[in-house]
Participant: 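After the structure tokens below, expect a handful of questions from me.
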Amino acid sequence: MTSTIEARPLIDTFGRRISYLRISVTDRCDFRCQYCMAEDMQFLPKKEVLSLDELDTIASAFVARGVAKLRLTGGEPLVRRGIIELVERLSRHLKSGALGELTLTTNGSQLREHAAALARHGMKRINVSVDTLDSAKFTEITRRGRLEQVLDGISAAQEAGLKVKINAVALRGFNDLEIPFMLRWAHERNMDLTLIETMPLGEVDVDRTDQYLPLSEMRERLQKDFTLVADDYRSGGPARYYRVAETGGRLGFITPLTHNFCESCNRVRLTATGELYLCLGQNDKVNLRDALRSGGAAALDEMLDVAMRIKPKGHDFIIDRAHSGPAVARFMSTTGG
Ligand code: SAM
Ligand code: SF4
């Protein structure tokens with residue numbers, strides 16, 4: 001890191017230092033998970049999407065301001081054309097030491113093809129989303145995914161030396177009874193498991209009120225079968241972790257609804273069209289693509305300062321009968337989780 005970077009870290013008006021950028025490299029996906037997307041999604045025209053050069057320039061501007069962690073997400077990041085080239089380009093920041101981690105959240109469907117290249121370009125660990133280990137239910141929740149393909153992708157990632165963490169959205173009446181089994185399955189394969197509360201983003205075809213399962217309840221249920229020992233481990237994200245005595249593995253909980261973690265927020269989110277969202281649950285944003293296209297690197301850098309001035313204090317997600325609509329209209333696939 002140079003002294004200029006040290007002098008100009010990204011700090012918002014609440015004193016939070018931004019060290020983590022999530023980049024949605026595409027809004028497209030080969031799945032249509034029921035809680036994430038509508039069946040009939042309108043995707044962005046390709047010309048509106050940032051080019052690989054623009055993605056690289058914007059990500060690098062953040063690294064130059066002290067961002068130490070980049071996560072590629074989507075939509076499905078591995079369906080973006082040129083994704084491996086982008087990873088290769090960004091890996092120069094790992095080599096220089098400016099970036100501590102370059103990682104990915106994926107549905108796993110394309111991992112067999114790409115895992116080795118990801119590992120070769122410096123990725124160490126990735127998150128793979130799997131909500132059920134039942135093939136028929138998997139195809140139902142993803143509307144078009146094949147569990148076997150994803151499990152094969154996970155094997156490919158492990159063979160390539162990538163550490164895999166499984167993310168599962170906890171859905172009442174869908175996978176809640178299966179979670180003890182998923183926990184054993186993941187831990188036997190040396191993978192941590194993180195459970196996520198469903199968040200009210202985007203108008204989907206299912207009723208989130210019925211599906212919402214507070215993880216405080218899930219934790220109590222798991223404690224009947226497992227000994228959960230609070231663990232200080234932090235992955236740089238909002239998950240709170242426990243060590244499971246019976247399996248030796250880690251179990252994380254991401255609880256935006258039951259336990260708000262905004263006071264320690266360290267992140268911002270770039271969409272595939274270059275909008276920078278400053279909070280997952282609010283609409284505050286700046287347009288980095290327009291800044292870059294109209295004013296080049298200097299305008300982009302200035303816009304990062306504007307962003308820090310308007311980053312909101314936090315989200316206010318609620319899911320109950322009186323609030324069954326989305327907190328914000330955009331889908332999770334816009335900002336990539
Ligand atoms: N396609 C990749 C995947 O599925 O991992 C990356 C993008 S996906 C939007 C990132 C994460 O967000 C996934 O773990 C997914 O399960 C989660 N997700 C999507 N919609 C959600 C929602 N409404 N509430 C909570 N998590 C959600
Ligand atoms: Fe695609 Fe991921 Fe959303 Fe599922 S959760 S539809 S895999 S972006």
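Everything numeric here is computed off the predicted structure, so don't read it as measured data. Just so you know, ligand 1 is whichever comes first in the structure, and atom 1 is the first atom listed for that ligand. Atoms considered below: every heavy atom in the structure, side chains included; atoms not considered: hydrogens, waters and symmetry mates.
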Participant: Can you tell me which portion of T73 lies within the under-4.0 Å heavy-atom range of ligand 1? Options are side chain, backbone, both, or neither.
Facilitator: side chain
Participant: Under 3.5 Å between some N or O of ligand 1 and some N or O of S129?
Facilitator: yes
Participant: At a 4.0 Å threshold, what atoms of ligand 1 neighbour a non-hydrogen atom of C36?
Facilitator: 19 (C), 20 (N)
Participant: Please determine, by modelled atom types, if H121 and S91 share a side-chain donor-acceptor pair under 3.5 angstrom.
Facilitator: no
Participant: Any non-hydrogen atom of M37 lying under 4.0 Å from ligand 1?
Facilitator: no
Participant: In terms of atom number and element, which parts of ligand 1 are under 4.0 angstrom from non-hydrogen atoms of V169?
Facilitator: 16 (O), 26 (N)
Participant: Flag the pair F253 / Y242 as yes when their ring centroid distance falls below 6.0 Å, and as no otherwise.
Facilitator: yes
Participant: Any idea which atoms of ligand 2 are less than 4.0 Å away from a heavy-atom of C36?
Facilitator: 3 (Fe), 5 (S), 6 (S)
Participant: I'd like to know if G75 contacts ligand 2, where contact means a heavy-atom distance under 4.0 Å to any ligand atom.
Facilitator: yes
Participant: Examine C29 and say whether one of its N/O/S atoms is closer to atom 1 (Fe) of ligand 2 than 2.8 Å.
Facilitator: yes
Participant: When L72 is tested against each of T105, T106, I23 for side chain to side chain contact (heavy atoms under 4.5 Å, CB included), which residue passes?
Facilitator: I23
Participant: Could you walk me through whether R250 and D231 pass the salt bridge (Lys or Arg N to Asp or Glu O under 4.0 Å) test, one step at a time?
Facilitator: CA-CA 8 Å; R250 258 193 219 113; D231 188 325; 3.5 Å; yes
Participant: Among side-chain atoms of E76 and T26, is any donor-acceptor pair under 3.5 angstrom?
Facilitator: no
Participant: Could you check whether any side-chain N or O of T142 sits under 3.5 Å from a backbone N or O of F31, counting only pairs where one atom can act as donor and the other as acceptor?
Facilitator: no
Participant: Hey, does R22 have a side-chain heavy atom less than 4.5 Å from the side chain of Y20?
Facilitator: yes
Participant: For ligand 2, which atoms have a heavy atom of F31 less than 4.0 angstrom away?
Facilitator: 6 (S), 7 (S)
Participant: Between T106 and ligand 1, which residue portion shows a heavy-atom distance shorter than 4.0 Å: side chain, backbone, both, or neither?
Facilitator: backbone
Participant: Are L251 and L183 close enough that some pair of their side-chain heavy atoms sits under 4.5 Å apart?
Facilitator: yes
Participant: Taking C-beta and beyond as the side chain, do R80 and L52 meet within less than 4.5 Å on heavy atoms?
Facilitator: yes
Participant: Polar-atom distance check: Y35 versus ligand 1, any N or O pair below 3.5 Å?
Facilitator: yes
Participant: Could you list which atoms of ligand 1 come closer than 4.0 Å to a heavy atom of E76?
Facilitator: 1 (N), 2 (C)
Participant: Going by the atom numbers of ligand 1, which of them fall below 4.0 Å from some non-hydrogen atom of G74?
Facilitator: 7 (C), 9 (C)
Participant: Enumerate the atoms of ligand 1 whose separation from the nearest heavy atom of T198 is less than 4.0 angstrom.
Facilitator: 24 (N), 25 (C)
Participant: Compute the minimum heavy-atom distance from G75 to ligand 1 and say whether it is under 4.0 Å.
Facilitator: yes
Participant: Please check if the side chain of R143 supplies one atom and the backbone of T139 the other of a donor-acceptor pair under 3.5 Å.
Facilitator: no
